[in-house]
Structure formats: structure tokens, C-alpha cells
**Q** 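Following this message is one structure expressed as C-alpha cells.
This structure is a prediction, so every number in the text was calculated from the model and none was measured. Note on naming: letters A, B, ... go to the chains in the order of the sequence lines (proteins, then strands), and numbering restarts at 1 for each one.
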Protein chains: 2
Amino acid sequence: MTNTNIDRILAGLAEVADIEAGRAAPARLFRPGAVDVRAIRGRTGLTQAAFAAQFGFSAAAVRDWEQRRREPEASARVLLTVIDREPDAVRRALAHT
Amino acid sequence: MTNTNIDRILAGLAEVADIEAGRAAPARLFRPGAVDVRAIRGRTGLTQAAFAAQFGFSAAAVRDWEQRRREPEASARVLLTVIDREPDAVRRALAHT
DNA sequence: GAGCGAAATACGGCATTGCCGTATATATGA
DNA sequence: TCATATATACGGCAATGCCGTATTTCGCTC
């Protein structure tokens, strides 16, 4: 373990360069940043409770997100994005149950 | 606080009866049960790492789910269901970023 | 069959969220 | 004004998210 950490740093820098040059794929293609839960819900015209019920969230989670007390997990951010952009597809997928 | 707990139990039973009779809506319309992550991923033909990268999960979460070490959150279960049934819609929604 | 690399399994461990419950505030309509 | 629906605020425990790494299994070539 002489210069293993330095090696790792160099490898990391090389990877960043590769990704930026398009020679490699980033670890996570879709990196969901912060989502505006209230805005997304607002577009659906639903109350917090109804929104949670329709899309399988717990009401508590939606509350915490809109109050900015908690940040939605990566999975939740992705789902919220899909709800925002393809709401009918989400409803179709959930209706089957 | 004499019989407040008994009251609550009775109210709960009444609510269950209402829901089963169709007179009331359950707290969560879509209740995503257990999902078979490996099966869903298998249908996509992706490795754990690629699956995670494509849909915004962390590789660690996918690993934990498939090893049945952790159970995916409600949001993740819903997203996995949507991925299974409307994969193109999910890709479309995520491509915009 | 041996050897190799990719993929998956297994697990320790801390930070963070999920989720529940309840009290308070803020509309909105009768 | 009163009542109801909706949203805000927050304490608190259990559970997952996520990272790191060691080990095992799988698929392939030689």
C-alpha cells in the first residue's frame, strides 16, 4: 500500500477524462437532480393525500418532501420525473394491479 | 383517555368494512407488493450495474434487493413496476435530461 | 480441465430517509 | 363565524441507501 491511493486518484481522473471525452459511460447515466415535488404534484391537480394514494407514495413522504424536511431517494426522484413527463404511462402500469 | 383506544379500534374496523364495501377509498390506491427485481432486470437483459445505471438506481441498492438483504422502498417498487410494464416510457422520460 | 475476467454474492457499518403520530396553522365554503 | 379540508411542523424509531471490500460463481478461451 505504498501509492495505492495516488493510483486510485489518477485512475479516477483518467475515468473522468474518458467520460467527458465520450470514451466511457458514467456510473449512472441518468443522474436525477433535485426535483420540485410541489410543482410536479401541482401539474396533476391532486392534493398531497390523493397524489400519494395514486402513485404509491406514503402521505408522510410527500409531506416531508414538500416541506423540504427530507430529500426523496434516487428511486423516488426518478419516479417523480416519470410521473411528470409520462403520467399516463405510469397510470397504465399501475392500473394493471 | 378512558376508552379512546377501543374507540380507535372500532373506528378502524368500521373503516375496513367501508373499504371492503366500496363505500370508502383505501389510504393507498396502488399498493405495490413484493417485486421480483431479478426477474424485471432479467427481462431487460442488463447486468446489475447496467440496470442501475440506466434507471438511476445505485448499484448497491440493486445488489441488496436481489440478495434479499433489503426490501425496495415503496417508490422503488412502483418504479420497478413501471420499468417492467412501460420501459420505453421510462427511457423517454429520462432521456430528456 | 485449467485459467482468466466479468458478474454476482455476502456483509460490516454509518448516514439518511421512510413512516407514524399528533399538534398547529391556513384556506375554503356553508 | 363555524366547520371541514388541506397543509405545515416536528419528535422519534426502524429500515433502507449507500459505500467499500472480500469471496464465489459464471462464461469463455486456450
**Q** What verdict does the side chain to side chain contact (heavy atoms under 4.5 Å, CB included) test give for R69(B) and R63(B), after you've listed the backbone C-alpha separation in whole Å, the side-chain angles of each residue and the deciding distance to 0.1 Å?
**A** CA-CA 8 Å; R69(B) 191 183 177 221; R63(B) 272 183 345 225; over 6 Å; no
**Q** Rounded to whole angstrom units, what separation is found between the CD atom of E73(A) and the P atom of dC19(C)?
**A** 10 Å
**Q** For dT16(D), take OP1 and OP2 only and decide whether either is under 4.0 Å from a side-chain N or O of W65(B).
**A** no
**Q** Please name all residues satisfying salt bridge (Lys or Arg N to Asp or Glu O under 4.0 Å) with R70(A), sequence neighbours left out, ordered by chain then number.
**A** none
**Q** Between E71(B) (CD) and dG18(C) (C1'), how many Å, whole number?
**A** 14 Å
**Q** Classify the ring geometry of F51(A) against F57(A): parallel below 30°, tilted from 30° to 60°, perpendicular beyond 60°.
**A** parallel
**Q** Treating primed atoms plus P, OP1 and OP2 as sugar-phosphate and everything else as base, which nucleotides of nucleotides 6-12 of chain D get B, S or - for protein heavy atoms under 4.0 Å?
**A** SSBBBBB
**Q** Rounding to 10 degrees, work out the angle separating the end axes of the helix from dG1(C)-dC30(D) to dA30(C)-dT1(D) (five pairs an end).
**A** 60°
**Q** For the residue pair L79(A) and F55(A), what are the closest heavy atoms and their distance?
**A** CD2-O, 4.4 Å
**Q** Please determine if a side-chain N or O atom of S58(A) lies less than 4.0 Å away from the OP1 or OP2 oxygen of dC19(C).
**A** yes
**Q** Nucleotides 26-28 of chain C: which of its N/O atoms have a protein N/O under 3.5 Å away?
**A**
none

**Q** Name all residues meeting the side-chain contact (heavy atoms from CB on, under 4.5 Å) criterion together with R38(B); count only those two or more places apart in sequence or in a different chain, and write none if there are none.
**A** D36(B), R41(B), E66(B)
**Q** To the nearest Å, give me how far apart CG (L80(B)) and P (dG17(D)) are.
**A** 10 Å
**Q** With sequence neighbours left out, write down each residue that passes salt bridge (Lys or Arg N to Asp or Glu O under 4.0 Å) with R68(B), or none if nothing qualifies.
**A** none
**Q** Minimum heavy-atom separation for A93(A) to T81(B), with atom names?
**A** O-CG2, 4.2 Å
**Q** Could you report the tightest heavy-atom contact between E86(B) and A89(A), atom names first, then the distance?
**A** CG-O, 3.6 Å
**Q** Calculate, to the nearest 0.5 Å, the distance between atoms OG and CG belonging to S58(B) and D64(B) respectively.
**A** 8.0 Å
**Q** Looking at I83(A), V90(A), V78(A), which hits side-chain contact (heavy atoms from CB on, under 4.5 Å) with V82(B)?
**A** V90(A)
**Q** So W65(B) and V35(B), side chain to side chain contact (heavy atoms under 4.5 Å, CB included) or not? Walk me through it.
**A** CA-CA 10 Å; W65(B) 297 336; V35(B) 290; over 6 Å; no
